[in-house]
Participant: 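There's a structure below that I have some questions on.
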Amino acid sequence: SAKKIETPASAHAERTETHLLAMRVNQALDKVLEAEGITQAEWGNRKGFTPKNISLVRGHAKRVSEGKELAPVSVIQQMAATLGVKQTTGGLNQ
């Protein structure tokens with residue numbers, strides 16, 4: 001199988017896309033929590049996300065700027081899918 005070659009540009013684009021997805025996940029989660037009148041802990045319990053991963057996604061922007069640990073991309077993608085947030089596939093044209 002062909003190995004994906006990661007260039008600085010492709011790595012930056014992937015990080016940017018992940019950052020934008022995390023922001024959309026947070027916006028969608030805000031709406032769900034408000035609409036359902038539940039805490040993010042309750043939502044995580046119902047949907048199978050750990051408090052740590054929810055916290056990492058919720059604080060994504062700040063954590064990026066501070067160079068701290070980020071939620072795994074797979075977790076951000078799973079949350080997006082759970083919340084019905086559209087994920088882009090290659091490129092930022094949305």
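Computed from heavy atoms alone, side chains included, the values below leave out hydrogens, waters and symmetry copies.
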Participant: Taking salt bridge (charged side-chain N to carboxylate O under 4.0 Å, His left out) as the test, write out the residues that go with Lys31, two or more places apart.
Facilitator: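 Listed in chain order: nothing, the list is empty.
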Participant: Sequence neighbours left out, what passes salt bridge (charged side-chain N to carboxylate O under 4.0 Å, His left out) with Glu42? Give chain and number order.
Facilitator: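 By the salt bridge (charged side-chain N to carboxylate O under 4.0 Å, His left out) rule, Glu42 matches no residue at all.
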Participant: Restricting to non-hydrogen atoms, name the atom on Lys86 and the atom on Arg24 that form the minimum distance, rounded to 0.1 Å.
Facilitator: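 It is O-NH2, 3.0 Å.
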Participant: Output all residues satisfying salt bridge (charged side-chain N to carboxylate O under 4.0 Å, His left out) with Arg63, sequence neighbours left out; order by chain, then residue number.
Facilitator: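 Testing Arg63 for salt bridge (charged side-chain N to carboxylate O under 4.0 Å, His left out), a comparison that skips the adjacent residues, returns none.
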Participant: Is there any ring-ring contact (aromatic ring centres under 6.0 Å, His included) pair reaching into residues 61-86, and which pairs are they, with sequence neighbours excluded?
Facilitator: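 Of all non-adjacent pairs touching residues 61-86, none passes ring-ring contact (aromatic ring centres under 6.0 Å, His included).
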Participant: Once you round to the nearest 0.5 Å, how far does CG of Leu70 lie from CG of Asn53?
Facilitator: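 Result: 11.5 Å between the selected atoms.
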Participant: For Ala80 and Gln87, work out which heavy atoms get closest and say how close.
Facilitator: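 Closest heavy-atom pair between Ala80 and Gln87: CB-NE2, 3.8 Å.
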Participant: Please report the interatomic distance NE2(His60) to CE(Met23), rounded to the nearest 0.5 Å.
Facilitator: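 So the NE2 of His60 and the CE of Met23 are separated by 9.0 Å.
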Participant: Please list, chain by chain and in numerical order, all residues satisfying side chain to side chain contact (heavy atoms under 4.5 Å, CB included) with Glu66, sequence neighbours excluded.
Facilitator: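 Once residues adjacent in sequence are excluded, the partners of Glu66 under the side chain to side chain contact (heavy atoms under 4.5 Å, CB included) criterion are Lys62, Lys68.
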Participant: With clusters built from Ile, Leu, Val, Met, Phe, Trp and Tyr whose side-chain heavy atoms come within less than 4.5 Å, directly or transitively, what are the remaining members of the cluster of Val57, listed by chain and number?
Facilitator: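 Cluster partners of Val57: Leu21, Val25, Leu29, Val32, Leu33, Ile38, Trp43, Phe49, Ile54, Val75, Ile76, Met79, Leu83, Val85.
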Participant: Mind listing the closest non-hydrogen atom pair of Leu56 and Glu69 along with its distance?
Facilitator: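 Minimum heavy-atom contact is CD2-O, 3.7 Å.
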